Amino acid sequence: MKARAVRCLESVRHMCPYLTKHGIKPELIAQNASKCPFMKALNVSASEAADPSVLSEKLMDPLNFVDIDSFAPSHPLNDYFKAAIKRLHSEGRYRVFTNILRHTGEFPKATEFMTGTHSKVNVWCSNDYLGMGQHPLVLDAMHQNIDAHGAGSGGTRNIGGNTNLHVRLEKELATWHGKESALVCTSGYVANEAALSTLPDIFPQGCIYFSDKENHASMICGMRHSKLNRKDIRVFKHNDMKDLEAKLSEASEDPEDMDKVKIIVFESVYSMSGSIAPMEAIKKLSEKYSCLTYVDEVHAVGLYGKTGAGICQERGIDMDIISGTLGKAVGVHGGYIAANSLIADCIRSYASSFIFTTSLPPANLAGSIASIQYLKQSSYERKLLHKHSKYMKKRLKEENLPVLPSESHIVPLFIGNPNVCKSVSDTLLKEHGIYVQPINYPTVPRGEELLRLSPGPLHTPKLIEEFIVAAKQVW
């Protein structure tokens, strides 16, 4: 217990000018704790200060004992900020970011820094679906390019930061998706925001977005950040083609709307429910009503199709604009769109969130190129991912655990209460060494809280059985 108290203080010593100058020992804690403003925030008594084991319990989450009011004068607006955070706590949806570090060669294992024990845990919610973040080819490419080209890109794509690696990666992505062109952005979020906020500017006759109800926040923000009137962002029920066609038909017959460009916006794989869009039906409706199609393949690239290009490739369907990520199955960081050269050039030329941001560094680009080139050739990892996902769904169902139906690799475990969801997640971490993040509103609707599992090729049947045993105990 003494050692745990020391480790907890070590993790926050940078906040305290006194602790930065002294070695952290139990004796130091006992002598100074009751006088320290850090400790006073915990209401540490003199008797408690003498017992490091008591202090260690209070220091389990070291960031929680810092009382900002002890160090800075109160701002007149602080009460509003406090009230906003209090609302989140009262609704059970205050987000706690789990502090972990993964270890190359040991995925899905990581060290957790939440309980003070620095114990190893198995990560069940990573979006590094295939473990490419530790693949030797990816790491070698990144190391070589750091040594050769330095840490950063040097600027925006427009000024000094358009490296040859950007150009090469965009060619790789365009070829992957069978498109004329691609545009690399700093994240998948930025790619969606940049494209969807910009497209309406291109059409002087006006534009209407037809958006699936479960679209990602980045897509919603992109549409809302455009200059469209809210009435021209029309939401259809999730994967409901009757509702989509009713809205398309209405717009086509309305004199005010019939000449406006119509764009259907949807995801191929929905990350929380695991559902897959009815791609063929959407394509038919787009042709019937002369619509552009915009599909987010973020949770599909690398995982579906002959070379891993996504659901469009798997089903042989061409959509006008594809957005994707380099930070999930590719295992690195960044995002992109792929489209014909005119569309890509318009986004490049008009999108503020693309133009006015520092570009991705060389190492990220080189790692992404290496990863994509490997995934184009190797189906081993994605086949194993789907095998493990199917096995886990089967075992959860056999044990009567509340697994929801899912067409994709994603495995959702239903809970339906934000406080219970957080409690289950905490218990799995502290008592079973299993890390799976609770998913609450607004990521999912209220009352649909869940644990989102993403078993990959490295989650062996043995690890799956260990999860089942732990889940049964917690449930």
Side-chain angles (χ1 to χ4, degrees), residues 98 100 102 106-110 112 120-134 267-276 298-305 308 310-311 314 328-329 331 375 378-416 420-440 443-444 448-475:
T98 301
I100 63 168
R102 299 191 298 168
E106 297 182 38
F107 292 4
K109 287 193 179 298
E112 60 85 15
K120 291 287 184 71
V121 299
N122 286 311
V123 180
W124 284 90
C125 53
S126 174
N127 282 334
D128 185 359
Y129 290 129
L130 300 176
M132 293 301 293
Q134 68 172 2
E267 300 180 42
S268 61
V269 176
Y270 290 85
S271 62
M272 294 301 130
S273 65
S275 60
I276 296 177
V298 160
H299 292 275
V301 291
L303 307 180
Y304 299 85
I311 299 290
E314 182 181 71
K328 292 183 171 58
L375 291 173
S378 175
S379 61
Y380 172 78
E381 290 81 6
R382 51 182 166 265
K383 284 181 179 177
L384 200 52
L385 171 139
H386 291 295
K387 180 181 178 181
H388 290 168
S389 174
K390 289 176 182 176
Y391 178 72
M392 188 166 204
K393 291 174 190 175
K394 173 177 173 289
R395 289 293 293 117
L396 289 167
K397 190 174 182 180
E398 287 173 350
E399 298 297 335
N400 294 317
L401 289 162
V403 60
L404 297 173
S406 165
E407 303 169 73
S408 67
H409 60 284
I410 292 163
V411 183
L413 266 182
F414 180 78
I415 293 181
V420 174
C421 197
K422 177 69 166 60
S423 176
V424 169
S425 173
D426 289 346
T427 303
L428 286 170
L429 180 68
K430 293 175 182 177
E431 297 183 11
H432 301 279
I434 288 171
Y435 169 42
V436 54
Q437 190 72 14
I439 306 297
N440 296 332
T443 308
V444 294
E448 296 183 19
E449 293 80 10
L450 53 83
L451 299 181
R452 175 190 178 275
L453 306 171
S454 52
L458 303 173
H459 292 89
T460 62
K462 180 177 180 291
L463 288 179
I464 292 172
E465 291 302 327
E466 289 175 3
F467 181 92
I468 298 291
V469 170
K472 286 182 70 177
Q473 290 180 22
V474 173
W475 253 264

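Every value quoted in this text rests on a predicted model; they were computed, and no experiment measured them. Just so it is clear, the values below take in all heavy atoms, side chains as well, and ignore hydrogens, waters and symmetry mates.
- Within the model, atoms CE of M272 and OG of S406 stand 11.5 Å from one another, a figure rounded to the nearest 0.5 Å.
- Distance check: Y304 OH to H386 NE2 gives 4.5 Å after rounding to the nearest 0.5 Å.
- Across all non-hydrogen atoms, the minimal contact from G274 to I410 is CA-CB, 4.0 Å.
- Residues passing the side-chain contact (heavy atoms from CB on, under 4.5 Å) test with A329, sequence neighbours excluded: Y129, L130, L303.
- Contact detail for C421 and P438: the closest heavy-atom pair is SG-CB, 3.7 Å.
- With sequence neighbours excluded, no residue forms a side chain to side chain donor-acceptor pair (under 3.5 Å) with S425.
- With contacts defined as side-chain heavy-atom distances shorter than 4.5 Å, the pair I276/Y270 does not qualify.
- Closest non-hydrogen pair, W475 versus L451, comes out as CH2-CD1, 4.1 Å.
- Considering only heavy atoms from C-beta on, K422 stays 4.5 Å or farther from E449 through its side chain.
- Side-chain atoms of I415 and I439, non-hydrogen and from C-beta on, never get closer than 4.5 Å to each other.
- Although no hydrogens or angles enter the test, the distance criterion places a donor-acceptor pair under 3.5 Å between the side chain of D128 and the main chain of M132.
- Side-chain contact between R102 and S126 is present, with heavy atoms from C-beta onward closer than 4.5 Å.
- Between K383 atom NZ and H388 atom NE2 the span is 14.0 Å, to the nearest 0.5 Å.
- The main-chain N or O of N127 is never found under 3.5 Å from a side-chain atom of S454 such that the two would form a donor-acceptor pair.
- By the side-chain contact (heavy atoms from CB on, under 4.5 Å) test, V298 is found to be paired with D296, T325, K328, residues two or more places apart in sequence or in another chain being considered.
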Distance-only criterion, 3.5 Å: show the donor-acceptor pairs between side-chain atoms of residues 459-471 and protein atoms not counting sequence neighbours.
| from | atom 1 | to | atom 2 | distance (Å) |
| --- | --- | --- | --- | --- |
| H459 | ND1 | G456 | N | 2.9 |
| H459 | NE2 | V123 | O | 2.8 |
| T460 | OG1 | L463 | N | 3.3 |
| K462 | NZ | E466 | OE2 | 2.7 |
| E465 | OE1 | R395 | NE | 3.4 |
| E465 | OE1 | R395 | NH2 | 3.0 |
| E465 | OE2 | Y391 | OH | 2.5 |
| E465 | OE2 | R395 | NE | 2.7 |

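- Applying the side-chain contact (heavy atoms from CB on, under 4.5 Å) rule to T427 yields the partners S423, E431, V474; only residues at least two apart in sequence or on another chain are considered.
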Going through the checks in order, is the side chain to side chain contact (heavy atoms under 4.5 Å, CB included) test met by N122 and H432?
CA-CA 9 Å; N122 286 311; H432 301 279; over 6 Å; no

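- Put simply, CD on E448 and OG1 on T443 are 12.0 Å apart, with the number rounded to the nearest 0.5 Å.
- Annotation: side chain of H409 is not in contact with side chain of K390 (no heavy-atom distance under 4.5 Å).
- Taking SG of C125 as the reference point, atom CZ of R452 lies at 8.0 Å (rounded to 0.5 Å).
- Using a 4.5 Å cut-off on side-chain heavy atoms (C-beta onward), L453 and L396 make contact.
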Step by step, work out the salt bridge (charged side-chain N to carboxylate O under 4.0 Å, His left out) result for E106 and K120.
CA-CA 10 Å; E106 297 182 38; K120 291 287 184 71; 3.0 Å; yes

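- The structure places CG of L404 at 7.5 Å from CG of L413, a figure rounded to the nearest 0.5 Å.
- A search for side-chain contact (heavy atoms from CB on, under 4.5 Å) contacts involving L458 returns F107, P108, Q134, not counting sequence neighbours.
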